[in-house]
Amino acid sequence: MDNVRAMFVVLPDAPMPDPGDVEAADGLILVFPQDEGDYAAAHERAAAAIEVGLPVYLVIPPLDSGQARGYLQHSLQPGIYGVAVQTAASVDQLRYLEGVLEELELRAGIRPGLTAMAVGFHDPRAIDIMSDCLAAMRDSSDRMTWIAYDHVEMAESLGVQPDSPTVATASSNVIMTAAAYNLPVVYGSPPDAAYAASLGFRGCATGELTDLEGLRATFTRPEPENDDDEEDS
């Protein structure tokens with residue numbers, strides 16, 4: 001299982017962090033440019049992210065936008081660890097993305113199947129198909145590595161406050177479903193990191209360098225004790 005305790009988000013207009021500033025991070029999440037015309041620079045930006053020395057996930061445009069393939073054509077290259085899908089509307093969408101990845105991996109000289117995938121499930125419709133999506137991807141490949149979840153987006157979709165018991169129940173459902181497929185879930189709000197860890201989330205995403213060490217400490221679990229190593233008294 002991949003470590004996702006502290007994932008650093010790099011927005012389109014943000015500078016690439018220095019390697020020394022993200023030593024506490026487990027990976028970079030590189031967000032796609034909002035302007036389709038900026039895709040020409042996507043390859044260089046992805047290459048710069050690789051140079052930071054952490055696993056790099058490319059956040060791709062929504063799968064129903066018609067822009068995901070174009071962005072990946074410009075940015076997928078050897079050294080990119082995976083892609084992050086903001087949300088999945090159907091199993092067919094994820095299968096489509098898998099097909100695109102296989103084609104572009106071959107073009108880029110990447111071993112087919114090597115590029116990992118992270119998928120967000122942030123609203124009731126997405127959660128309803130979550131188990132089917134994970135089962136389909138498990139049967140077809142080993143690409144899936146973590147799940148993203150944002151309780152604020154869930155609250156907005158339900159029309160309730162983020163601290164609503166309904167949102168807490170939805171959070172638990174995401175964690176339990178992901179755990180059934182041995183996948184960690186990444187939370188989307190650093191101020192609530194301790195609460196998220198208590199629910200069973202395995203990490204958090206942030207765009208603030210000052211959050212990283214605290215998140216890593218919050219989500220680092222103690223190693224299980226091995227009774228076999230203890231000497232008999």
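As the structure is a prediction and not an experimental result, all values here were calculated from the model.
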Going by heavy atoms in the side chains, are [X] and [Y] under 4.5 Å from each other?
X	Y	answer
Pro62	Gln67	no
Phe32	Gln86	yes
Leu72	Leu97	yes
Leu94	Met117	yes
Ile60	Ser75	no
Ser157	His122	no
Met7	Tyr57	yes
Arg143	Leu101	yes

Quick check: does any side chain N or O of [X] sit under 3.5 Å from a backbone N or O of [Y], one acting as donor and the other as acceptor?
X	Y	value
Asp123	Arg125	yes
Gln77	Ala46	no
Asp26	Arg5	yes
Thr177	Val174	no
His74	His43	no

Identify whether the distance between the nearest side-chain nitrogen and carboxylate oxygen of Arg216 and Glu23 falls below 4.0 Å.
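Glu23 and Arg216: not salt-bridged.
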
Decide if the gap between the ring center of Phe121 and the ring center of Tyr149 is smaller than 6.0 angstrom.
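Aromatic pair excluded; centres sit 6.0 Å or further apart.
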
Partners meeting ring pair (Phe, Tyr, Trp, His ring centres under 6.0 Å) with Phe8 (sequence neighbours left out):
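Phe8 satisfies ring pair (Phe, Tyr, Trp, His ring centres under 6.0 Å) with no other residue.
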
Is it the case that over 12 heavy atoms from other parts of the model lie below 6.0 angstrom from the CE atom of Met16?
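Yes.
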
Does Glu44, at its CD atom, have more than 12 non-hydrogen atoms belonging to other residues, nucleotides or ligands within less than 6.0 Å?
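Count over threshold, so yes.
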
